[in-house]
Structures are given as structure tokens and as C-alpha cells.
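First comes the structure, then the notes that go with it.
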Amino acid sequence: MNLDTVFLPKPIFLHGLSSILHILLLVAVLISWVWKKITTCVVNEFKETPNSTKLCSIGFSFFNFVLFLFNYFYWYTSDWSEEKAVTLFDLALKTVTWFVLFVCFQKGFLFFFSLGQRKRKFSFFFRAWCVFYLFVSCYCFVVDIVVLYQNHIELTVHCMISDVVSFCVGLFFCYVGYCVKLESEESDRTIHEPLLNGDTHVGNGNGLELQATKGSDTVAPFSNAGFWSLLTFTWVSPLIAFGNKKTLDLEDVPQLDSRDSVVGAFPIFRDKLEADCGAINRVTTLKLVKSLIISGKKEIFITASLALVNTFSTYVGPYLIDSFVQYLDGKRLYENQGYVLVSSFFFAKLVESLTNRQQFFRLQQLGLRIQALLVTLIYNKALTLSSQSRQCHTSGEIINFMTVDAETVGSFSWYMHDLWIVALQVTLALLILYKNLGLASVAAFVTTIIVMLATLPTGSFQEKLHNKLMESKDTRMKTTSEILRNMRILKLQGWEMKFLSKITELRDAEQGWLKKYLYTSAVTTFVLWGTPILVSVEIFKKKKLESGKVLSALATFRMLQRPIYSLPDVISMIAQTKVSLDRIGSFLRLDDLQSDVVKKLPPGSSDTAIEVVNGNFSCDLSSPNPTLQNVNLKVFHGMKVAVCGTVGSGKSTLLSCVLGEVPKISGILKVCGTKAYVAQSPWIQSGTIEDNILFGEHMVKERYEMVLEACSLKKDLEILSFGDQTVIGERGINLSGGQKQRIQIARALYQDADIYLFDDPFSAVDAHTGSHLFKECLLSVLSSKTVVYVTHQVEFLPTADLILVIKDGKITQSGKYASLLDIGTDFMEVVGAHREALSALESLDGGKTSNEISTFEQEVSISGTHEEATKDVQNGKADDNSEPKNQLVQEEEREKGKVGFSVYWKYITTAYGGSVVPFILLAYILFQALQIGSNYWMAWATPISADVEPPVEGTTLIEVYVGLAFASSICILVRSMLLVTVGLFQHILFKKMHLCIFRAPMSFFDSTPSGRILNRASTDQRAVDTDIPDKIGTFAFSMIQLLGIIAVMSQVAWQVFIVFLPMIAVSIWYQRYYLPSARELSRLGGVCKAPIIQHFAETISGTLTIRSFDKQSRFHETNMKLIDGYSRPKFNIAAAMEWLCFRLDMLSLITFAFSLIFLISIPPGIINPGIAGLAVTYGLNLNIIQAWMILTLCNLENKIISVERMLQYTTIPSEPPLVLEEENRPIPSWPAYGEVDIRNLQVRYAPHLPLVLHGLTCTFRGGLKTGIVGRTGSGKSTLVQALFRLVEPSAGELIIDNINIYTIGLHDLRSRLSIIPQDPTMFEGTVRSNLDPLEEYTDEQIWEALDKCQLGDEVRKNEGKLDSSVSENGENWSMGQRQLVCLGRVLLKKSKILVLDEATASVDTATDNLIQQTLRKHFTDSTVITIAHRITSVLDSDMVLLLSQGLVEEYDSPTTLLEDKSSSFAKLVAEYTSRSNSNF
């Protein structure tokens, strides 16, 4: 017999293998049938299977039956042999199996089909079985023709025919399984509905359409999947298949099951936590952990069981290696020992693979649930925090709890069982070592324990470093969040680059901690990678070695490497998780709003709406002086109560007390009825105008229309292209101040509450609109309601049933208007300032205005405003012939299709231009080569048994091994350090992205919710810093390891390539099939996270409004829906990943089984048993490494999307340059005169939108004061934005002192101008940093400015003086005080041109007069441009510009305009005077 035939399995083996295959299929069918019988799930069966499939199966069954009979009678008379018996058994099994297949096809048994598609395929299991069957048939056929026939070996004709037919049948079923899809008649009613977008039809040229059922309308097939579907992850196949046909959208992704949905899981979790702790604010970290464990106890138990089985199955291979080597050396204990060993290896790897996949999926499932529960818990807590607790954490910090800490705790699920698994794995490893090497294993045990104990201090140190890292990240995110909220003011003041440098400094501090943390981890990794070397040296030097035992020990070390190498990650993750849990726990323990501040009485149970008896309230409980003292108040139902007083007297605090927001020190506070609240600073949600007004209530059209009419919103909605469906940007960014306030009032009116609390809502609208709102809302719609309104407009006081005068936190006077005029000095302070303003107005007009009031009243329409607003144009108002408009705020853009190579290239070339990458690869290659070399050396240099002379001496053996192994560990250290360097260099990407964001035009911030930017600055930045370098390194490592394994295996048996190459091809096909769906699911995960952050940020800023309307439960529900929207793609990513890994595992298993079968088929003495054993040692890891490589590649592509998302924001169109070349820079003294010359200025907010300013031409003389007036939205604020170049003009020029401002840099322009904006802004920090963020002035100059704006005494009262703290958004300062701080800024700057953009809207008349006097005194030579709603604010101007619909309607001195009674300005003045003198 030729030697070639020796290498091939004999017929008995081939028939035996065929029998095993058919038994496996029969068992699978039986189990599936039993499972179907015992489950209650009713599924729709297939009604039709192609006749060719049935015919083939019944025909092949009959063919095998005939062959069985023929062989039986043919051999009956001759001698029986083992080979003949196995052949007959194989034919009998084929007959039964293919008949069962025919029956299953006839009955439409679902085990054989993938579920969830109208166009179905055979199930993965059956297709895989067909492939394997084809492979075996093909091999038999090749053996028959090529080898046996050529070597004249006896071969019966019927055997040849059988093999040919088997091959044809296998080929046919493979073709049907992979290329033909089967139709289902009634797939519409199956529980596994297709996960498709209902509006999408994917044409493929043959007229076939996908069934139109939205995935978002179905529950994940996981809930109803059968046993085999769960085991093989077939239930996710429809989603992966659909992702190959079209780009997945969120509506294509099915809903979560109630167990995984936070909507279903959170109430149970919350109840258990409260039962354990008594209340959420008494939770400890331990109790929080306990509740989380209880909530996932089922998954924890299942995954623990799987981990246990998996660990035992992993060590079967190392245990059997010695026996396998001895078998190859010819020492066979019993007949067929080789087949038993191969079967043991095969089934152990099969169990390992199945348990691995199920364990990893369920751990991810648990992690997602834990993350969702924690995010919901943090959100709910934020809604109940007291105002004092709220100041302990900024919104940026709280967002970090959600985005980073909750995710960290959720990610810990991956490592949940690792500690006890490590202990078990070490124990099993030592037992195997003891079996092979005896007492020498004790040394290994001691060494392992010492190394593990040595890692404990490292873990503690890493925890401290991670704590510091998280604190620095919090600070950065807090500052970023605040800056994004106030970007408009930063650009107006020219401060954006200063604040960018602040962010950069914070990032540098964060990077310092990150560097220490990562380098510590790298060193720890090096130490632990060296552990197996120490262990092996301790063992090998104390024992006479045999190659079988050495290989068993080496295989054990390889298994032991994984838990020991992963120990740094486990320790690091435990440290991170503990830090995150402590941070979350400390937040949950903050004090909630006092529930006993307000005694709530049922509506209608009392005549009194609000009653306060001896009330003392304090915003700061640590302060000895209450904020409000000795409050006694009784408000009956239907009363109108006005609250007035100077800036900072406590007016807004009184309303907060009624809402229960201010801690009560003593007294009684009763409220009877439901409440509605209108804040001084409008709080508007992202969403449509209709959603903001309805605020969760059902639409009642008549009431809705009445509210729109009362709030003068109808004209606005007519102008908007989308009407009330216009999407409002974050914080109402695309609405004017007046529109925001009126929408807020409309929201309150629509609620139909019993008590209305208005905190000076009329200040942000012009005089005419204010009159209309007061008359229509308070006196008409709310005529029967109880209304308490804070106001600075004295003209609204006479109609009040009760007026409260507040001064220094006390109600100094109360009564009706007339009685207070007679007795009240404090009241006279308020009224006196107003009268002074009116007298100035009348003197200017020669005393005639009041006489002509009635005439003008008839000319002015009170029924509605003539608003053709600047902001309306932003929202899409356009010419009639223009194209359809887009909403200002669009859904977040995401890339589609494959992640481009350029993304990877930009990432890896960031660090030293990519020059470190070759060194990283070299370190990996050297490591693998040295590892293989050291193991190869041990396999070659040790004798096969004790009686054989070793080729080298013992000391040489150990020395060479130690040298090679130690060198490999050095490579790991180098690799770790270089990877950390790549990650740390990504601060370049961070800086580039932030520079582009800070240099972006305001239109970018108007249309981009801050949640999208914050998501990139937190979650994506974290991935770029640590996750991606780790994934790149792991992928390179696994690929090099895989090549190393194949090299070792093929060196022993090159024939492994016969199987390996097709398996690699199939693996790549599977990966490419999987990636489109996984990639889009990952992108969806990123896109769905931003709305959670944005909704959270909005909730935090609007907590007072939400609680006042008692809408907490609605916001809880919205948050949970958003979280589930994020969890859906993440859940399916996890499933899809395991779907892929399972299939790759099976392919690796086939390769490994083939190589084992080949090795046992070789006669003894052909190859070195030690080297063959080494091949098996490496082969044990083949499925793990191959799956690990593909998995890491998929993970990397999912993570690299973070780089893609950050790169998106590095290509934002930029504003014009901040500073131009020296020749284009103005001289330092510019502007010397302050003359502003506007020539044919045309401005539009976007190329597709109409003009807002229609060719404006006028000149503001230097040193004069010009007042700009006009209806809300006439273009006043647009003119200011054009002056500061926040928006670039379409045409025209704007010239200041003979320099066209569009020819100089933005900073040169903005730094020479000053502005007091409409919304007073303060930043968290100190008084000094708020007045002088650029640190340009001395303390003396700052004190001087504070005294000029009447804040000096207030600041001196504080212990810190100029270093007194300012909380986020300046919330510990009143609105009026914040406006005075803005005045202080311009007093410091002393610019030649000063703009006041409705700067006194939020202050009382007395403070308004104070500001005007201060400006008159200190800006005598400056050009002052004032935009104001109060006519009195512009009356002392030298010139008045009246704008109407973006054009100059009138421009002259106020005296000249008032003399012309037909002028629009005269009518506005008359209207204001009319309102001021009327009592409505």
C-alpha cells in the first residue's frame, strides 16, 4: 500500500462518522419536537415546502434502504466483520433519518426553518449539518476515486455509487439551504413578525417585497424563541438579514421584552430598594448593590451556572493532552482510544462554545438592564432634589452620573463572575499540574498566590487614580455644559477662546490622571504576564520532564493565562465600579424636597386658596437669617394678588415658598387646589409649540384656540411655515424672548389650574403685548381663578385685590392700591420711580400726550400683535415661491454604510504620524514568535517518556525556556506602553473637535441640542481614550495569535489547510453579512443616547416648572421610553455579536476536529508525538482565538464610530477669522468716535430663508444715544447680531468709524464693543471671574465698577468678598442682580460703543432708572444703542429708530417724532401712557 493511503481514514471510520452525523440530526429533531410539545407558544407551521426537497429526501431514504437490503443479503452467507456491521448500521440510520426529514418537510416542522421572514431559509443548524455532510461525502468520494482506485485497492461498485449519490444529495441540500428561500403562506400571523419599516419596500429586481410591519411594533423574538433558536441565536437572524437589505433605522428594531424594558423592570427594582432602605435618600452603596443583585438574580444564577460548566469544559483539553501524546507514541490503552479522545476533545469544545456564547449574551443583557435601572433612578432623584441639594451638583456632574457612572456599573456585568472563576480556574489548573507533575505543583500554587496578593495594592491604587480621573471628568463636563448653554454671550463678549483654554486646561488635568491610570495598568499587565513564566520555571526545575506532561502543563498555563492576564482588567473594573457606585450612592443620599412644607388641601375644601401663618423660610438652612421672615398671608379663591418690591427683595422666593420649593423653618403654609406656574426665565422644552402648550394634556381644540388668542400667538403661528408644529430648539433658542414668555403663559392657561403663580412674565414683551396679555389672560381667561403675580410694571398694580410690598425678605405692606398710596413709604419707592419716568415722558411731549390718549387707543389694535418676527424667519417663514422648509432642529445626522478606512487612518496617525504602529505590530509578532519558540523548545527538548534520553541537559532546557519566555513578556510591556501612548495622543482629536465647536457660528448652536455635543465630549471621548486602543491592540494580537496557531498546526499536518482555508472564507462571509446590521445598530445606539442626555438636561433646568404642574410622572415615563429606545439597539447588538461568534465557533470546531482525526489516523512513528501534541495544545485555543479576532474586529468597528462622530464635528463650517493680518487690524484706539453707518444691510438666517432686514440704511452718530423700538420681532435683535457679526449679511455694509466691520477679525470687532444682553448670564465661579473672566483688571477697578452698579455693598456682606461663590447659572443671585453684574462688566470695559438689548426687562422701574442714570453718567462720550420694551428707557435718547418688518419706519429725535401725532412712535408712547394710567 502506498504511504499516501496511510494518511487517509479507512472505510470503517468514514461510515462511523456518517452514522454519528445522522444520529446527531435525529437527536436534534427529537429534542426540538419535545420542546415544542412542552412549550405553550403556538406557532404557525409551514404549509408548503418545494416538492424537489421532499422528493430528494424520500428518494435518498429509499435508495439507502435498497442498499441496506442488498448488502445484508450479499454478506449474509460470508463472514461478518466489524467494518460490515458499521456499514449496515450507517445505511439503516440514513434510511430512517432521511425518511424523518421527508415527514418533517411534509408537516412543515419549524425546526428546519429560520423564523421571522416571509422568504425563509433552512435553519442555521440544518444548513451547518448539510455543509458537514457534504464535506464528509466529498471526502469519501475523493478517497474512492483518487487514491483507492489508483492504488488498485478492492472497492465494490455499490460503495462507489453510494458515495456519489450521497455527495449529490449533500450538494443539493446545501444549494437549497443557502441559495433558495422558501415561501410561507401565513407568515403574517406568525409570532416572529418581520422587523421592517412599514413604509419601506426593498426591491431586488424580481418584484419581491418585504412585509410591511414595523419592528418597533413588535416585541423582540427573543421573548418567544424556541430552545434551538435561543441556543443558536437564530431569533436575531431576521434583523441581521434585513440590515443587509437596507440601512436599519430605530423603527426597524423590535421592542424589548417587559423583563428587559426599564418600564417593566424599574417599578419592581424601586419597590425593593425602598423596602430595604425605607427611602431612596437613605440608600447605602451596599444596599444599592444588593437591590441590583436581587433585580437580576435569575440572570446571575444562569450565567454563574454557565460559567461553571464552561470552566470545567475548558480544562478537559489540557487534562487529556498527556494521554493524547502517549497515544500518538503508540501506547494505546484500549481499542478505539483515539476516537474516544477525539470525541472527548470535540464535545468539550462544543460545550465550551455553547456556554460561552449564552453566558456572554446574558451578561450583556443584565448589564443593559442595570444601566437602565440606574439611569432611571438618577433621573427620578434629580426630579425630587431640594433646591439646596441641587446646588451640591451641577447639571454637568449629574449628566456624568448617567453617561459614565451608570454605564461603568452596567459594564461590570462582564466581569461579575471573574473573581470566583479565577479561583476555580487556578484550582483546576493546579489539580491537573498535580496529576502530571506531582508535588512540584505546590511551588506553582505558592507563586500564583503571591502574584495575586501582589496585585491587591495595585487595585487600591488604581481605584484612587480612577476616583481622581472621574472628579476631573466631572469638572470638565460641568464646565462644558455651562459654556454650551451660554455660547451666545461668550461670542458677543469675545470670550469664547478664553473659555476654550479653560476647557483645555481641565482636559489636561484629566489627561494627567488618565496617563497615571493607564501606565499603572500597563505595568500591572506586564507583571501578570510574567506570572506563568515564574510558575512554569518553579515546576520544571523540580521535576524530571516528559513531553506529554510538559505539553499538558503548557496547555494548562495557556488556560491559566486568560484569568491571570484578565486580572488587571477585573481589578481595574472593580475599582471603577466601586467609585461609580459610591458616587451614585452619595447623589441618591442628597436631601429631597421637604414634603411637609405645604399642606395640600383638596380642591373645593376651603374658601382660602393660599394661607401662610407666621411663615419663616430659608433657601440656605445654614444661614442664621431666613430668606423670608414672618410671612402672614391669606388669599381667597378668585383673588388677584400683586407682589412688588426692589431687586433681590424676595418676590420670586415668595412664589417658590407657595410651590413648596423653599425649606420651611417654622409656620404654617396651606394651599387648596391645583397650581400652574410661569417662571421669570422662560423654560421651553425641545419639541413642537403644540407639545409645549399642551404639556401632556389632551387636545381640546376650543380651549387651545382660546389660549392662543389670549396669548397673542395666532399671528406668530401664521407666520411660521410649520405653524404650531414648528420644532423649538433647545431652551427655545429659535424663539424671541417675548415668544418664549407667551408660550410659557399659554402652557399655564391650558392647564386650567385653580391657582396661577406668575413671576414677572410681562417684562420680556413690549408695552402693547404686555397690556394685551394682562387684559386677556389675567382679567379675562383667569377672571375666576386665584392669581399671584410678581411685577415690576406699576401700571398692573391698580387692578389687584391685594398688593404685597416686599423688602429685605419681609412683607412690609399689604393692601389695595389706593390705601397703599396713602400710607406706604416702601410702596412709594416703587411707584415714585414709575411716576418720575412718566413725568419725564409728559414733559418731553409738552404735556399733551395724556390728553390724546383716547384717540390713539382707537388707532392701535389691542387684539393682537403685528409680529413678523426675526426668530420666526429662523423657523422657516419663506416667500410663497420658495421650496419646502426643514425644521431648524433636525434629527441627529449619522453616517451610513461601512466605516471608511480614512477614519481608522486618522486615528492611528494621530500619535507621531502613525510611526508607533509598526513598533506595536513588531512587539506583537515578536511576542508570538517567542511564545511559540519557547513552547516548541520544550516539546522538542523533553523526552517522550522517562526511559528516553533527553536531547539537552536540564539546566540548558530551563535557561533557554526562561530567556525566550521573559523576552516575550518584555514585548508585552512595550506593546502596552505604546498602546497607552496612542490613546493618550487622542487629546489632539479632542482639542481639534472643541476648537471647531467653539469657532462654529451661532446657527450651529441654534440647531444642535447640547446633548449631542456632550455625548461626544463624554461617552465618545472615553471610547477614543481607552476602548479603541485596547480594541486595536486586541485585534492585532488575536490575528497574529491565529496565524501562529495555524502555523504550528500546519507544520505538523499541512493538510489542515484543506479545511482551514474554506472555513476562513466562510468566516469572512459571515462577518461581512453581520457587519452592516451591527454597524447601524451601533450608530443608532450613539444617536439614541443624545436625547436621553438632552431630556435630562432640560428636566434639571425646568424642575421647578415640572413640579409646580405636578407632571413628574409624565417626565418619568418619557425618560424610560428614551432609555428603552437606547437599550433596543444595544440589546440587539449583543445578540447579533453572539450570533456571529456561535457560527465562527462551530467553524473553528470543524477545523480542530479535522486536525485531530488526521493525527490519530497517522501510524505511530511518522511524526514526533511531542510536536503533534504541541499542535493540539495550540489547537485547543483555535475556536477561542478565531472568534475573539472576529468579535474584536466587530467591536472595533462599533467603537470606531466614536471617532467618526467626533470627526464629524471637526468639519463644522467656521466663523470668519478672529484676527486678520496686521495690515487689516484696526488701530488700538479704534473706534475713537463710535459712529455706526449702516448701508443697505440685508440679513437672512440661512440661504433658503427670506430676508429679515430688507436693505436697512441709517447712521448712529458717535457719542449719541440711540433707542431702537418696534414690535416684538421687527428685527431689533437681528440688527444687534449683525453689528456683532453673529450673523453675516447677504448684502450691504456696516461701517464703524470708517472701517467696514466685515474686513476685520471677529475678536478685533467684538472686543471693542460692549453689550448688556436680554438674558443676564452668570457663570459658576466667583464674583471676580464673572466680572473679569479675561483677568484684565485690578481689584480696585472691579470694586469701583461694583459700587457704580450698586452691588458693592451686597458683595461686601459676603465673607469671600470678590471670591464669593456664584452657583451654576448664577442661581444664588436674583435676576435683577444678575443684570446689574452685566452692567458692571460694561463699566469695566468702557467701550466706545455700548448696546443694551432689552437689558432692563427683568428689573423694576427704580432699578431701570438706576441703570439709565449710571449709563448717562459714565458713558457720556459713548455711542449707546438701546433696544427696549419700556418706552421710558429710550425717551432720553438723542435719536429713536423705529423698525417695522426689517425696515426703517421712522428715525429722528424723540421730540420731533412725538410732535408728529401720526407717527408710529407717538402711537407707541400713547399706548404705553394709556396702559400706565389705566386700571384695566
Side-chain angles (χ1 to χ4, degrees), residues 766-767 836-849 1230-1239 1241 1256-1270 1274-1277 1279-1280 1282-1284 1294-1298 1312-1316 1383 1386-1387 1389-1401 1405 1408-1444 1447-1461 1463-1470 1472-1473:
D766 58 50
E836 280 177 35
L838 277 182
S839 62
L841 174 61
E842 295 199 4
S843 64
L844 190 66
D845 195 23
K848 297 176 184 177
T849 307
W1230 179 86
Y1233 306 103
E1235 181 170 296
V1236 181
D1237 189 11
I1238 304 168
R1239 300 176 185 173
L1241 191 65
L1256 202 69
T1257 302
C1258 66
T1259 302
F1260 302 150
R1261 298 291 174 196
L1264 296 186
K1265 291 170 179 54
T1266 304
I1268 303 177
V1269 293
S1274 57
K1276 305 186 296 291
S1277 292
L1279 181 56
V1280 172
L1283 180 63
F1284 282 83
L1294 212 160
I1295 295 168
I1296 297 177
D1297 282 6
N1298 300 318
R1312 313 293 176 92
L1313 309 179
S1314 290
I1315 185 169
I1316 302 180
L1383 173 62
V1386 301
L1387 288 167
K1389 203 171 180 182
K1390 294 177 184 170
S1391 299
K1392 200 67 184 174
I1393 297 176
L1394 170 65
V1395 178
L1396 285 81
D1397 187 2
E1398 298 173 5
T1400 57
T1405 311
D1408 185 4
N1409 292 344
L1410 165 71
I1411 291 174
Q1412 298 302 334
Q1413 288 167 15
T1414 307
L1415 294 174
R1416 276 194 292 271
K1417 183 177 177 182
H1418 299 288
F1419 288 88
T1420 49
D1421 299 329
S1422 299
T1423 304
V1424 180
I1425 302 168
T1426 305
I1427 296 174
H1429 287 146
R1430 289 183 186 159
I1431 298 299
T1432 52
S1433 300
V1434 296
L1435 282 177
D1436 66 341
S1437 301
D1438 301 303
M1439 299 291 284
V1440 171
L1441 172 66
L1442 193 144
L1443 292 178
S1444 175
L1447 287 167
V1448 176
E1449 187 171 335
E1450 295 170 358
Y1451 183 45
D1452 214 325
S1453 68
T1455 311
T1456 307
L1457 291 174
L1458 285 172
E1459 285 173 355
D1460 180 5
K1461 301 305 173 189
S1463 72
S1464 297
F1465 180 69
K1467 293 177 183 178
L1468 275 175
V1469 172
Y1472 180 80
T1473 314

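Position 1 is the first residue of the sequence, and the numbers go up from there.
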Table please: side-chain donor-acceptor pairs of residues 1258-1270 below 3.5 Å, with sequence neighbours left out.
| from | atom 1 | to | atom 2 | distance (Å) |
| --- | --- | --- | --- | --- |
| T1259 | OG1 | D1237 | OD1 | 2.9 |
| K1265 | NZ | F1419 | O | 3.3 |

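Rounding to the nearest 0.5 angstrom, the gap separating the CD atom in E1459 from the CG atom in D1452 is 9.5 Å. The CD1 atom of I1238 sits 5.0 Å away from the CG atom of L1294 when rounded to the nearest 0.5 Å. Of the inter-residue distances, the one linking L1313 atom CG with I1296 atom CD1 reads 5.0 Å to the nearest 0.5 angstrom. Interatomic distance, L1387 CG to K1417 NZ, rounded to the nearest 0.5 Å: 10.5 Å. The OG1 atom of T1456 sits 8.0 Å away from the CE atom of M1439 when rounded to the nearest 0.5 Å. Atoms CG and OG1, from L1441 and T1426 in turn, are 12.0 Å apart once rounded to the nearest 0.5 Å.
Y1233 places none of its side-chain heavy atoms less than 4.5 Å from the side chain of K1392. Within the 4.5 Å cutoff, the side chain of F1284 has heavy atoms near those of the V1395 side chain. Put simply, the side chain of E1450 does not reach to within 4.5 Å of the side chain of V1440, judged on heavy atoms. Side-chain contact check for L1396 versus I1425: every heavy-atom pair is 4.5 Å or farther apart. You'll find the side chain of I1315 stays beyond 4.5 Å of the side chain of V1386, heavy atoms only. Within the 4.5 Å cutoff, side-chain heavy atoms of L1383 are placed close to those of L1415.
With sequence neighbours left out, the side-chain contact (heavy atoms from CB on, under 4.5 Å) criterion links S1444 to E1449. Applying the side-chain hydrogen bond (donor to acceptor under 3.5 Å, both in side chains) rule to S1314 yields the partners S1391; only residues at least two apart in sequence or on another chain are considered.
Under a cut-off of 6.0 angstrom, the local environment of OH in Y1451 is crowded, with over 12 non-hydrogen atoms contributed by other residues, nucleotides or ligands. Other residues, nucleotides and ligands place more than 12 heavy atoms under 6.0 Å from the CG atom of D1460.
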Subject >> Test log, rule side chain to side chain contact (heavy atoms under 4.5 Å, CB included), inputs I1393 and V1236 >> reply: CA-CA 9 Å; I1393 297 176; V1236 181; 3.8 Å; yes
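Heavy-atom minimum distance, T1257 versus V1448: O-CG2, 3.9 Å.
Side-chain atoms of S1463 come within 3.5 Å of backbone N or O of A1466 as a donor-acceptor pair.
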